[in-house]
Amino acid sequence: MMNKKRNLAMLLSMVLALGATLTVFAEGTKIDDPSAAAAGQEVTVDSDIDLPVIDVTVPTSVSLLLNPYQISYAEEIEEDVVEAKDQVGPSSIISVPGTITNASNVPIGVNATVSATTPTTDFTLATAPIKTADKTKTAFIMLTVAETEEDLQAAMVGPEVKATSTAPTGKNQLIIGKTAITKKDMVVLDAGNKEATTALFTFSGNMCTTLEKGSWTSTDKVTVSLKFSFTPKQYVAPEPEVEDEP
């Protein structure tokens, strides 16, 4: 009995939803003799398409600070940058998390395309966390996207990974190199038309501190190209609550 009630409730909700977009014609042609019945009646079918309402907000810019000597910033930089640094301890790559907001009436997949350039050929971008023994002018930078601050921090890369050369391969992690790379559905945000859903993104990584040749200079900056795109997903309506009969 409970399953029947649940199915009826779901069917009713579907009919009510369709009623907002489809027109039902009550009038018709009456067929009242054998020859007309044999000939049949052609029915004109008018179709329409219901597209989702897309409402996504993305920051136009974020900041990225390269800190190869892991300088401690107490009051010298903006408070929000200090907070971002404190999240992972002393770090070579500091970035204030940006927020993507979804107020669409369907779930949204967050895709990212990213690449970077360096000012000189001797400044390279690593494809894996840098080993302690590396003495070249190199930076390992990674984009992370997550739905919560806890998940963001868990997926970030800090100086403590210097002993390993294993590249992170998480779904929500994207290593930045000079060739543009796209990763789809780094996170999928629930529909946010009733209550907005959000994703956070930031950069993390590590850098060589002691160089065998030369030193880090004020011109050693990275130009990052980052573009987010969004994929509407199938909306799955929550099951209506049906009370059991006493």
Side-chain angles (χ1 to χ4, degrees), residues 51-67 78 80-81 83-85 87-88 91-121 123-130 138-149 151-158 167-193 196-207 219-235:
L51 297 177
V53 177
I54 305 300
D55 187 353
V56 180
T57 303
V58 188
T60 55
S61 64
V62 293
S63 297
L64 174 64
L65 177 64
L66 305 183
N67 184 29
E78 297 178 6
D80 54 356
V81 178
E83 291 176 356
K85 182 180 176 65
Q87 290 177 3
V88 293
S91 180
S92 302
I93 307 296
I94 303 174
S95 175
V96 180
T99 301
I100 298 170
T101 303
N102 178 37
S104 309
N105 63 352
V106 291
I108 291 291
V110 178
N111 318 309
T113 301
V114 67
S115 63
T117 58
T118 58
T120 58
T121 55
F123 183 0
T124 60
L125 297 174
T127 57
I130 299 165
T138 308
F140 172 75
I141 307 175
M142 185 182 72
L143 171 71
T144 302
V145 184
E147 291 187 65
T148 67
E149 185 176 323
D151 290 343
L152 191 73
Q153 292 183 30
M156 292 169 66
V157 171
T169 57
K171 181 180 179 180
N172 63 341
Q173 299 170 317
L174 183 55
I175 297 171
I176 300 174
K178 294 188 176 182
T179 301
I181 301 176
T182 298
K183 182 172 280 190
K184 295 184 178 296
D185 293 345
M186 294 188 73
V187 297
V188 177
L189 295 176
D190 290 338
N193 52 318
T197 54
T198 59
L200 301 171
F201 66 93
T202 194
F203 300 96
S204 62
N206 62 3
M207 302 176 67
T219 61
D220 290 324
K221 301 176 182 179
V222 175
T223 302
V224 178
S225 173
L226 172 62
K227 181 174 76 172
F228 287 108
S229 61
F230 306 94
T231 305
K233 301 292 183 177
Q234 179 181 356
Y235 176 74

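Since we're looking at a predicted model, the values are computed, not measured. For the single chain, residues carry numbers from 1 onward in sequence order.
- The line from CG of L64 to CD1 of I176 is 7.5 Å long, rounded to the nearest 0.5 Å.
- In this structure, L66 and I141 have side chains that are in contact, with non-hydrogen atoms separated by less than 4.5 Å.
- Separation of atoms CE (M207) and CG (L125) is listed at 9.5 Å; rounding is to 0.5 Å.
- No side-chain heavy atom of F140 sits under 4.5 Å from any side-chain heavy atom of I93.
- In this structure, G170 and K183 approach most closely via the heavy-atom pair O-NZ, 3.0 Å.
- With F201 as the fixed residue, the side chain to side chain contact (heavy atoms under 4.5 Å, CB included) test singles out one of L152, V62, T144: V62.
- When the salt bridge (Lys or Arg N to Asp or Glu O under 4.0 Å) test is applied to D220, the partners found at least two apart in sequence or on another chain are K137.
- Judged by distance alone, the side chain of T197 and the main-chain N or O of D190 form a donor-acceptor pair under 3.5 Å.
- Here L65 contributes atom CG and F203 contributes atom CZ; the two are 13.0 Å apart, rounded to the nearest 0.5 Å.
- Heavy atoms only, all atoms of each residue included: V145 and A199 are closest at CG1-CB, 4.2 Å.
- A donor-acceptor pair is defined here as one N or O able to donate and one able to accept, closer than 3.5 Å; no such pair exists between the side chain of K221 and the backbone of P119.
- T124 and T138 are linked by a side-chain donor-acceptor pair at a separation below 3.5 angstrom, with hydrogens and angles left out of the test.
- Atom CG of L174 and atom OG1 of T182 lie 8.0 Å apart (nearest 0.5 Å).
- Nearest approach of A112 to M186, heavy atoms of both residues: CB-SD, 3.6 Å.
- With sequence neighbours left out, the salt bridge (Lys or Arg N to Asp or Glu O under 4.0 Å) criterion links K233 to D185.
- Atom CD of E147 and atom CG of N102 lie 10.0 Å apart (nearest 0.5 Å).
- Between the side chains of S92 and N206, no donor-acceptor pair is found at a separation under 3.5 Å.
- Between the CZ atom of F230 and the CG atom of D55 there is a distance of 11.0 Å, given to the nearest 0.5 Å.
- Side-chain atoms of N172 do not come within 3.5 Å of backbone N or O of V187 as any donor-acceptor pair.
- Side chains of N111 and T231: a donor on one and an acceptor on the other come within 3.5 Å.
- In this structure, the side chain of S95 engages the main chain of S63 through a donor-acceptor pair within 3.5 Å.
- Heavy-atom minimum distance, P232 versus I54: CG-CD1, 3.8 Å.
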